[in-house]
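Structure, as structure tokens:
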Amino acid sequence: MFLDRVSSLNLLQPSPDTNILKDFSLEVKRVLVKEVVQFLIITPPSLLSTTSHVKWCMEVLGQGFSLPLEDNAIISDCIELYKRWLLDIKQRPPPIQEDENIQFFIQTMLQHLSLLFAPRISTPTTKPETLETHILLSKRVLLLFLELSRLYNSSLSHETWEVFIKLLLGICDSMLGGSQSNPTPTTDSLGNSLSQLMFTTLF
């Protein structure tokens with residue numbers, strides 16, 4: 001489950017076992033993501049004691065990055081939770097601390113975070129603050145990517161680095177309008193605002 005542009009460029013291919021909530025209504029997704037993320041943020045990470053438990057929760061959390069920007073508070077909570085799990089070993093659920101699982105879960109979280117960079121439809125009624133919200137949330141994710149790469153440079157496996165770089169290439173292509181013959185003003189503004197940070201993260 002990751003940004004569509006990544007698969008359309010043949011960089012990565014999605015697993016048929018993910019994106020379980022894809023065809024659920026927006027209302028159901030919103031409620032599920034909100035309840036799960038708000039509960040996990042205030043709950044000790046030891047609550048998720050098995051790999052299956054973590055995978056189930058992450059299927060829900062991943063949908064959070066595709067919610068409309070009007071749900072920015074929910075999206076922000078999802079970013080915060082994944083930041084804790086990626087950067088602070090002590091705040092990770094036990095299964096994410098296990099050597100045989102850690103690379104898989106890091107890759108999955110990076111993939112989910114890439115969904116935030118999907119182009120949003122801009123209409124004449126789109127408020128300027130909506131674009132600003134998208135820019136601010138996207139900056140948080142890019143800074144998270146950058147911090148992860150610096151803190152755990154030697155701990156990430158070759159496969160994880162490969163996923164990381166392919167996701168960044170897909171994000172870069174999407175933000176700079178390569179996925180559309182006629183980029184929207186929203187996409188252009190996002191790309192212009194984030195291009196410097198994007199290239200710093202990538203290189």
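- The CD atom of Gln111 sits 11.0 Å away from atom CG of Leu3, with the distance rounded to the nearest 0.5 Å.
- At most 12 non-hydrogen atoms from other residues, nucleotides or ligands lie less than 6.0 angstrom from CD of Gln196.
- Residues Val54 and Pro95 share a closest heavy-atom pair of CG2-CG, 3.8 Å.
- Annotation: side chain of Leu142 is in contact with side chain of Phe117 (closest heavy-atom distance under 4.5 Å).
- The two residues Ser174 and Pro119 have their closest heavy-atom pair at OG-CD, 3.6 Å.
- Transitive grouping of hydrophobic side chains (ILVMFWY, heavy atoms separated by less than 4.5 Å) brings Leu40 and Leu87 into a common cluster.
- Of the possible donor and acceptor atoms, one in the side chain of Thr201 sits under 3.5 Å from a partner among the backbone N and O of Leu197.
- Note that CG of Asp173 and CG of Leu168 are 12.5 Å apart. Values are rounded to the nearest 0.5 Å.
- By the neighbour-count criterion of 12 heavy atoms within 6.0 Å, atom CG of Asp71 is densely surrounded, having more than that number from other residues, nucleotides or ligands.
- The two residues Tyr152 and Ile89 have their closest heavy-atom pair at OH-CG1, 3.7 Å.
- Neither Val31 nor Phe39 shares a network with the other; the hydrophobic side chains, linked directly or stepwise wherever heavy atoms of I, L, V, M, F, W or Y lie under 4.5 Å apart, form separate groups for each.
- Side-chain contact between Ser114 and Phe65: absent, with no pair of heavy atoms (C-beta onward) separated by less than 4.5 Å.
- Counting heavy atoms from C-beta on, the side chains of Leu110 and Phe2 never come closer than 4.5 Å.
- For the pair Gln63 (side chain) and Val33 (backbone), a donor-acceptor distance under 3.5 Å is absent.
- The hydrophobic cluster containing Leu146 does not contain Leu136, counting ILVMFWY residues as joined when their side-chain heavy atoms lie under 4.5 angstrom apart, directly or transitively.
- Glu59 places a side-chain N or O within 3.5 Å of a backbone atom of Ile20 that can act as its donor or acceptor partner.
- Nearest heavy-atom pair, Arg30 versus Pro68, reported as atom, atom and distance to 0.1 Å: NH2-CG, 4.2 Å.
- The main-chain N or O of Gln38 is never found under 3.5 Å from a side-chain atom of Asp77 such that the two would form a donor-acceptor pair.
- For the residue pair Ser7 and Pro14, the shortest heavy atom distance occurs at CB-CD, 3.9 Å.
- At a threshold of 4.5 Å between non-hydrogen side-chain atoms, the residues Met175 and Met198 count as touching.
- Closest approach of Ile74 and Lys34 over heavy atoms only: CD1-CB, 3.8 Å.
- When only modelled atom types and interatomic distance are considered, Thr160 and Gln107 share a side-chain donor-acceptor pair under 3.5 Å.
- The structure places CG of Leu67 at 10.5 Å from CG of Leu116, a figure rounded to the nearest 0.5 Å.
- Listed by chain and residue number, nothing satisfies the side-chain hydrogen bond (donor to acceptor under 3.5 Å, both in side chains) test with Glu132 (two or more places apart in sequence, or in another chain).
- Here CZ of Phe105 is found 8.5 Å from CD of Glu98. Values are rounded to the nearest 0.5 Å.
- Between the Trp85 side chain and the Ile106 main chain, no donor and acceptor come within less than 3.5 Å of each other.
- A distance of 12.0 Å separates CG in Leu61 from OG1 in Thr108, rounded to the nearest 0.5 Å.
- Clustering ILVMFWY residues whenever any of their side-chain heavy atoms sit less than 4.5 angstrom apart, transitively, puts Tyr82 in the very cluster that holds Leu47.
- In this structure, Phe164 and Phe145 have perpendicular ring planes: the angle between them is above 60°, well past the 30° mark.
- Side-chain atoms of Arg84 come within 3.5 Å of backbone N or O of Ile41 as a donor-acceptor pair.
- Within the 4.5 Å cutoff, side-chain heavy atoms of Leu86 are placed close to those of Leu113.
- Heavy-atom contacts from other residues, nucleotides or ligands closer than 6.0 Å to NZ of Lys83 number 12 or fewer.
- In the hydrophobic clustering of this structure, Val60 groups with Val28; members are Ile, Leu, Val, Met, Phe, Trp, Tyr whose side-chain heavy atoms approach within less than 4.5 Å, directly or through other members.
- The shortest side-chain heavy-atom distance between Lys139 and Ile135 falls under the 4.5 Å cut-off.
- Using a 4.5 Å cut-off on side-chain heavy atoms (C-beta onward), Leu137 and Arg140 make contact.
- Atoms CG and CD1, from Leu48 and Ile96 in turn, are 7.5 Å apart once rounded to the nearest 0.5 Å.
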For this session: Decide side-chain contact (heavy atoms from CB on, under 4.5 Å) for His112 and Met58; before the verdict, give the C-alpha distance in whole Å, the side-chain angles of both, and the deciding distance to 0.1 Å.
Result: CA-CA 9 Å; His112 291 177; Met58 288 178 66; 4.1 Å; yes

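- Side chain of Ser76 to backbone of Ala73: no donor-acceptor contact under 3.5 angstrom is found.
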